[in-house]
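Working notes for the structure below.
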Number of protein chains: 2
Amino acid sequence: MPPAAAPAADAPAALLEAAEGLFAAQGFAATTIKQIGAAARLNPALIYYYFPDKLALYAAVLDRRLGQFVRAMPARLPAGLTAREGIAIVVRAQVAFMRSSPHVPRLLARELADHEAAVAAPIMRDLAHGPFRRLQALIREGQAAGEIRTDLDPALATISTIAQVAWFFVAHPLMARLLGHEGTVPNRTVDRFTEHAITFALAALAPAPGGRPSRRPRRPRRTA
Amino acid sequence: MPPAAAPAADAPAALLEAAEGLFAAQGFAATTIKQIGAAARLNPALIYYYFPDKLALYAAVLDRRLGQFVRAMPARLPAGLTAREGIAIVVRAQVAFMRSSPHVPRLLARELADHEAAVAAPIMRDLAHGPFRRLQALIREGQAAGEIRTDLDPALATISTIAQVAWFFVAHPLMARLLGHEGTVPNRTVDRFTEHAITFALAALAPAPGGRPSRRPRRPRRTA
DNA sequence: GTCTATAGCGGGATAGAC
DNA sequence: GTCTATCCCGCTATAGAC
């Protein structure tokens with residue numbers, strides 16, 4: 001084994017790292033092979049030794065940052081949770097996801113706009129079929145147990161819950177302005193928002209107080 | 001005045017229209033002058049007669065769809081509103097904004113990722129200084145009047161409120177999957193979500209019921 | 001105002017030396 | 001595995017005819 005001094009010196013990792021930053025900042029089309037080589041301090045032609053083409057490099061970047069995290073999500077949601085526990089776990093996991101690399105929110109924003117591209121589709125499928133459906137089921141169970149108001153559609157309530165952190169990070173430049181920061185929202189404000197988002201969602205979902213029943217349950221109308 | 005038969009036949013408008021669709025679908029860098037000309041059924045060189053260059057065309061597209069709507073927002077929020085009225089107005093205006101062209105959500109998603117670009121900055125400034133600050137002030141007044149729970153930070157509560165509709169549209173491909181639709185979320189589901197978002201926010205902001213006071217304001221605790 | 005033709009540049013990708 | 005040199009293509013933008 002070589003001494004641990006070598007600072008992450010393997011070429012494919014350096015290319016992925018450099019490409020991630022450039023793709024996030026400029027987008028796929030605006031980023032050139034030569035820029036990536038320069039940022040990685042490697043010869044640009046190496047990209048074609050380690051990856052079939054530019055698109056494959058992009059797909060590898062996305063899979064590393066978005067795909068891996070999304071696929072690891074279900075393990076964070078063991079069986080037997082209450083809805084309130086599930087909400088707290090999911091919201092905190094969203095924050096961890098968005099902070100797992102400074103480029104994640106922008107990569108995500110671009111993929112949301114580019115959804116015709118095939119790269120984003122499997123990741124979105126995993127998100128929808130995994131944590132989203134799970135949280136929705138927890139909310140439905142919470143309604144049956146009387147812990148959650150029954151006039152809310154579980155799917156829509158799930159969206160409202162996860163929208164908070166998602167939008168906070170994806171619209172980061174807007175959030176920074178709204179919160180009065182020039183550049184970036186400081187870490188402790190992100191932490192405060194995380195706890196706020198959990199409180200906000202739990203308050204919205206709490207059953208209407210004592211005497212007055214919650215508004216009459218909406219007919220289970222097809223979402224289609 | 002010419003007979004109303006001519007179908008929007010002025011060239012600059014046709015170019016803006018065509019460019020909007022292509023920029024939204026593919027992004028600025030991936031869209032070519034020739035594609036725009038072809039989509040507008042006009043000679044591509046005309047772009048350089050009506051606009052200085054490609055970037056100026058892009059800026060014009062953004063200003064037409066995003067800028068104009070944002071600048072018109074304050075007029076929707078007259079003086080003397082209650083916080084609850086303000087929330088309903090802002091949420092419905094967000095939906096109207098997102099529906100004002102089918103391309104708005106994607107244009108917005110791209111601008112959020114591209115915030116280094118100068119084009120987005122003034123629009124975000126107007127959003128932050130206009131409707132966002134206004135809603136925040138309304139919530140603060142609502143807290144003083146005892147209509148809104150006082151343990152929530154008005155700025156964070158504003159973000160949570162507007163995040164719902166913003167995320168619903170920007171993450172549309174994800175929302176469609178979560179709601180079980182193959183392609184697009186149907187209009188009546190969007191309408192249901194609009195009313196849901198108002199209900200959700202108002203429930204989250206309602207003062208804690210009678211005896212028990214709202215939870216004490218959380219100390220800013222570091223999660224990191 | 002609209003069109004053709006093209007200049008001039010920079011992109012992705014490859015061949016092949018080392 | 002890494003690097004140089006380069007091909008070929010398609011892009012933005014312009015010149016100038018009509």
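- No donor-acceptor distance shorter than 3.5 angstrom exists from the side chain of A:Gln136 to the backbone of A:Thr158, with no hydrogens or angles considered.
- Rounded to whole angstrom, the span from the OH atom of B:Tyr49 across to the P atom of D:dA15 amounts to 16 Å.
- Atom-to-atom, NZ of B:Lys34 to C1' of C:dT4 comes out at 12 Å; the value is rounded to the nearest Å.
- Under the side chain to side chain contact (heavy atoms under 4.5 Å, CB included) rule, A:Leu42 has a single partner from A:Leu15, A:Ile36, A:Ile47, which is A:Leu15.
- Nucleotide C:dA13 holds its C1' atom 11 Å from the CD1 atom of A:Ile47, rounded to whole Å.
- Here the side chain of A:Leu46 is nearest to one of D:dA13, D:dT2, C:dT2, namely D:dT2.
- Atom pair B:Asn43:CG and C:dT4:P shows a separation of 6 Å (rounding to whole Å applied).
- Residue B:Tyr50 is in sugar-phosphate contact alone, with no base atom involved, counting any heavy-atom pair closer than 4.0 Å across all strands shown.
- Atom CG in A:Leu15 sits about 12 Å away from atom C1' in D:dG1, given to the nearest Å.
- When the P atom of D:dT14 is taken as reference, atom CG of B:Asp53 falls 8 Å away, rounded to whole Å.
- As a whole-Å value, the separation of A:Phe28 CZ from C:dG12 P is 8 Å.
- Which of C:dT2, D:dT4, D:dG1 sits closest to the side chain of A:Ala45 comes down to D:dT4.
- A sub-4.0 Å separation between OP1 or OP2 of D:dT14 and a side-chain N or O of B:Tyr48 is absent.
- B:Ile36 places its CD1 atom 12 Å from the C1' atom of D:dC11, with the value rounded to the nearest Å.
- Heavy atoms only, all atoms of each residue included: B:Arg133 and A:Arg177 are closest at NH2-O, 3.5 Å.
- Ion pair B:Glu195/B:Arg92 flagged as a salt bridge, since at least one NZ, NE, NH1 or NH2 atom sits closer than 4.0 Å to an Asp/Glu carboxylate oxygen.
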